[in-house]
Amino acid sequence: MSEKKNPVSAAAEKIAGKVQDAVSTGNEIPGAPGPEPAQLDEPTKPRGPLPPKHDQRGPETVSPTGQPTGAGQDKVAQGGAYLTTAQGARLYDTDHSLKAGPRGPVLLQDHHLREKITHFDHERIPERVVHARGAAAHGVFRAYGAAAGITKAAFLAEGAETPVFVRFSTVLGSRGSADTVRDTRGFATKFYTDEGVFDLVGNNIPVFFIQDAIKFPDIIHAGKPHPDREIPQAQSAHDTFWDFVTLHTEATHHTLWNMSDRGIPRSYRMMEGFGVHTFRLVNAEGATTLVKFHWKPKLGVHSQVWEEAQITAGMDPDFHRRDLADAIEAGAFPQWELGVQTFPDTEDQMFEGIDLLDPTKIVPEELAPVRPIGLMTLNANPSNYFAETEQVAFHVGHLVPGIDVTNDALMQGRLFSYVDTQITRLGGPNFAQLPINRTHAPVNDMLRDGMHQTAVHRGVAPYRPNSLDGGCPFVAGADTGAYIEVPVEVPAARKVRDAAASFDDHFSQARLFWLSMTPTEREHITAAYTFELGKCWDQAVKERGLKVLANIDPQLCAHVAEGLGLPAPEATVPLASPEPSPALSQLGHTWPVDGRIVGIVTDGESGLDAVQEARGAVLDAGMVPLVIAPSGGKLGPDSDPVTVQRTFTTARSIEFDAIVVACAPAPAPDAYGARDAKTDDAATATGVDPRVLLLVTEAFRHGKAIGACGDGATVLEKAGLATDAPGVVAGGAASTVLDGITELLAGHRAWDRFTPAL
Ligand code: HEM
């Protein structure tokens with residue numbers, strides 16, 4: 001890696017610094033709704049709009065035609081202290097319609113009423129047909145220069161810095177669905193390069209369900225809710241999904257990734273990203289190289305466990321978008337290295353027997369290592385969700401000189417689909433002019449008019465050739481930066497609706513994935529299939545699911561069959577014996593702990609020194625401490641108070657990566673079933689608040705690190721948890737416990753707490 005300084009520890013320093021700064025201003029924890037605290041009474045003194053929060057940024061202020069306007073970002077938002085109409089006329093009342101007398105009918109002439117209601121009536125636009133639910137952030141990409149020999153793309157030249165906007169998403173759910181459902185995640189990056197916009201529209205899974213875009217409506221119709229009852233929302237655990245993927249077995253490999261821990265990420269910050277398709281890069285000399293793009297997260301690839309994901313979907317359906325925004329707000333800027341696997345551009349476009357045009361296949365990293373070519377840092381949250389995250393429009397065809405497409409039939413169909421859908425979604429053909437979509441390169445197209453035209457084009461000759469506008473615009477050449485498609489040969493062939501024979505292998509790489517998993521990961525996959533097929537109603541669909549599994553691995557098939565109460569069928573194809581690819585496993589390494597959330601439990605009275613010490617240690621490690629107490633408010637002396645962020649009522653284990661119990665809180669006054677169903681009247685007899693027992697037992701079940709200082713060990717004992725169990729650090733000073741917790745968090749979870757049978 002050509003990176004000189006360690007950006008991760010820089011980020012850790014930043015978060016500790018920022019959170020400390022926030023502490024000194026009384027705003028300890030990310031998530032404050034505005035840049036300054038609200039006052040109790042309604043403000044009446046006129047003043048201008050507040051600035052954005054420190055972590056927020058809007059799109060660059062370039063014109064609809066890509067030219068710097070010099071306008072400050074505040075000039076594209078609302079201004080002035082007084083309420084106005086959309087035309088800027090000041091208003092004196094927006095609470096009452098204009099009526100014929102206080103009890104009379106509303107008058108048609110009330111233009112303010114009509115403007116307000118009409119605009120409101122049209123606030124919604126169609127959600128994306130797929131990937132409707134998402135969250136995004138601004139950032140910067142800095143190229144190492146390692147790809148300069150294989151592509152002339154200027155943004156990949158050494159040291160080039162390019163603004164980016166990244167949107168992460170789920171595929172199946174509606175815009176209001178939960179973040180933590182089992183699904184593939186979108187990972188779409190817009191690079192605002194000097195040569196035009198380049199979009200890398202990828203996923204967190206390197207393969208796809210289908211080999212040809214013509215099947216996209218089929219897989220999506222199967223995955224979306226059933227058309228009659230419109231259930232289930234944002235789920236693959238239903239008959240139509242499994243009906244399709246078990247009949248259309250080219251989906252097997254992707255489905256297996258979905259059933260693995262990759263389908264339930266811990267955080268968008270902890271996902272890999274993949275361009276999936278093979279791209280063709282071309283350098284200044286015209287030499288071409290085939291590549292696959294990879295995003296490697298600095299924080300490692302981590303997941304929730306399934307029960308945790310399900311609880312999260314109810315407790316905090318915004319878990320992933322909150323996590324992303326909070327981390328950026330706290331200064332723990334997420335980072336990914338962009339890397340490429342490179343392959344010779346041979347006539348057959350195969351590498352080591354793997355068809356590079358088949359998007360259901362990977363090339364194991366052990367065969368073709370991922371070479372890092374740049375670093376992306378996400379460092380600002382959007383300032384308006386709708387204007388930026390909702391209106392951003394990615395497109396596989398947004399390419400810059402040096403990057404070209406291949407004949408992958410999935411990619412080719414995508415080249416048509418994105419613009420087409422965006423014309424409907426964004427209400428006409430001019431969505432490239434929306435601020436978030438504007439290129440930072442000067443635009444001189446001959447596209448004119450259309451709904452919502454915001455450029456004010458000059459001249460009389462939007463056609464070529466012309467002489468009336470002086471011949472402008474002129475076409476460029478290779479030496480003046482034109483995008484010129486690589487003139488690859490298209491072999492003489494007959495028109496067919498068909499695919500290459502190599503596309504018929506649907507199982508060998510699924511088996512490669514399975515064999516590359518650790519026993520713990522295999523257990524999770526087995527449980528996922530058992531759950532998902534178990535939720536299907538139709539017996540034939542379940543049986544067919546088992547037939548597919550038999551072609552991946554007999555042990556996997558047998559265990560799922562056992563769970564379904566069905567016989568395990570025999571494989572119908574010879575089982576491949578691929579070399580496992582350890583790079584596919586998520587486990588077994590250590591990673592930075594930036595931005596991890598540590599819950600610190602206190603009874604609000606005893607052991608406050610330990611709470612302070614634990615908070616300090618969490619901050620020093622670049623993580624975020626959340627203090628959990630029986631009720632809200634501030635604890636300890638006024639000179640050095642501890643702010644409570646969660647109460648026993650609001651806290652749930654899913655929010656924390658680790659829990660530290662600083663004392664043994666007795667049942668709080670509201671710890672009885674009639675008030676809080678999370679409590680357990682029988683457990684109250686243990687002398688410990690049952691919500692705290694639930695917190696630690698749930699965290700334990702989910703493999704999380706648990707620490708206890710002071711009387712905290714009593715809580716573990718009352719919860720029936722051994723203080724010497726793997727992943728438990730009990731006894732000693734708070735800072736010592738935190739050292740242990742930090743070390744455990746570097747490995748994500750204490751997987752050795754559970755014994756895998758597989
Ligand atoms: C390798 C396969 C694919 C990947 C990695 C992929 C990835 C993505 C991502 C990340 C998004 C969300 C973009 C955003 O955040 O706004 C998206 C949206 C979309 N994709 Fe794909 N997709 C794939 C295949 C396809 C295919 C085959 C089609 C259709 C033929 C398709 C059609 C769409 C459409 C219509 C949208 C919504 C776009 C919008 O409304 O702006 N995708 N895709």
Side-chain angles (χ1 to χ4, degrees), residues 125-138 164-175 179 183-190 197 199-224 248 250-251 253-254 257-258 262 265 268 271-279 292-295 320-321 324 356-362 378 382 385-398 405-406 408-429 431-432 434 436-437:
I125 62 170
E127 64 176 33
R128 288 170 178 79
V129 61
V130 284
H131 295 265
R133 168 107 188 143
H138 294 276
V164 294
F165 189 69
V166 179
R167 182 174 181 272
F168 304 103
S169 47
T170 51
V171 178
L172 290 176
S174 291
R175 196 180 144 188
D179 281 344
D183 198 355
T184 305
R185 298 299 187 288
F187 189 140
T189 308
K190 192 175 280 294
V197 164
D199 286 345
L200 187 54
V201 198
N203 282 339
N204 75 329
I205 289 180
V207 288
F208 207 61
F209 285 110
I210 50 171
Q211 295 163 325
D212 186 321
I214 199 167
K215 295 302 293 175
F216 194 65
D218 300 80
I219 173 66
I220 298 302
H221 288 171
K224 286 272 188 185
H248 194 71
E250 72 193 40
H253 191 192
H254 188 152
W257 278 75
N258 267 7
R262 306 274 178 152
Y268 289 140
M271 299 191 317
E272 275 180 297
F274 302 92
V276 180
H277 313 286
T278 302
F279 288 73
K292 284 183 179 286
F293 287 108
H294 296 241
W295 288 113
H320 284 151
R321 60 168 64 169
L324 179 67
L356 297 173
L357 298 187
D358 178 353
T360 66
K361 304 288 190 317
I362 59 161
L378 297 184
Y385 184 90
F386 183 86
E388 302 174 60
T389 312
E390 193 60 16
Q391 293 201 116
V392 68
F394 295 94
H395 175 29
V396 187
H398 291 164
V405 299
T406 56
D408 173 340
L410 187 69
M411 189 185 213
Q412 301 262 322
R414 295 179 75 193
L415 289 168
F416 165 75
S417 182
Y418 287 74
V419 174
D420 183 46
T421 195
Q422 285 150 3
I423 289 173
T424 295
R425 181 166 77 79
L426 298 167
F431 53 84
L434 291 166
I436 193 64
N437 294 326

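Just so you know, ligand 1 is whichever comes first in the structure, and atom 1 is the first atom listed for that ligand.
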Audit row: D408, T406, side-chain hydrogen bond (donor to acceptor under 3.5 Å, both in side chains) steps and yes/no: CA-CA 6 Å; D408 173 340; T406 56; 5.3 Å; no

Residues E388, R167: salt bridge by 4.0 Å N-O rule: no

Side-chain donor or acceptor of D358 paired with backbone N/O of T360 under 3.5 Å: yes

Identity and distance of the protein heavy atom lying nearest atom 40 (O) of ligand 1: R425 NE, 2.7 Å

Closest protein heavy atom to atom 43 (N) of ligand 1, given as residue, atom name and distance to 0.1 Å: Y418 OH, 2.7 Å

Identity of the nearest option to atom 25 (C) of ligand 1, non-hydrogen atoms only, from F187, F165, F216, F209: F216

Ligand 1 N/O within reach of R167 N/O, cut-off under 3.5 Å: yes

Evaluation steps, salt bridge (charged side-chain N to carboxylate O under 4.0 Å, His left out), between K215 and D218: CA-CA 5 Å; K215 295 302 293 175; D218 300 80; 3.6 Å; yes

Residue, atom name and distance, where the atom is the protein heavy atom closest to atom 2 (C) of ligand 1: F208 CD1, 3.4 Å

Protein heavy-atom partner closest to atom 16 (O) of ligand 1 - residue, atom, separation in Å: R128 NE, 2.8 Å

E127 bridged to R425 by N-O distance under 4.0 Å: no

Contacting atoms of ligand 1, where contact means under 4.0 angstrom from a heavy atom of G186: 10 (C)

Crowding at CD1, I214 (>12 non-hydrogen neighbours, <6.0 Å): no

V201: numbered ligand 1 atoms lying under 4.0 Å from its heavy atoms: 5 (C), 7 (C), 8 (C), 9 (C), 10 (C)

Mutual orientation of the aromatic rings belonging to F293 and F279 [parallel < 30°, tilted 30-60°, perpendicular > 60°]: perpendicular

Y268 and F168 aromatic ring geometry - parallel, tilted or perpendicular at 30°/60° bounds: parallel

Geometric class of the W295/F187 ring pair [parallel <30°, tilted 30-60°, perpendicular >60°]: parallel

Per atom 13 (C) of ligand 1, closest listed option by heavy atom (F168, F274, F394): F394

Any donor-acceptor N/O pair, R185 side chain to P265 backbone, under 3.5 Å: no

For V129, atoms of ligand 1 separated by under 4.0 Å from a heavy atom: 35 (C)

Which of the ligand 1 atoms, numbered from 1, are nearer than 4.0 Å to a heavy atom of L410: 1 (C), 2 (C), 27 (C)

Non-hydrogen atom of G202 closer than 4.0 Å to ligand 1: yes

Side-chain donor/acceptor of D199 to backbone N/O of H398, under 3.5 Å: no

Nearest neighbour in protein (non-hydrogen) for atom 36 (C) of ligand 1: V130 CG2, 3.4 Å

Any H277 heavy atom less than 4.0 Å from ligand 1: yes

For atom 38 (C) of ligand 1, closest protein heavy-atom neighbour: T421 CG2, 3.7 Å

Heavy atom of the protein closest to atom 7 (C) of ligand 1 (residue, atom name, distance): R414 NH2, 3.2 Å

Shortest protein heavy-atom distance from atom 17 (C) of ligand 1, along with the residue and atom involved: H131 CD2, 3.1 Å

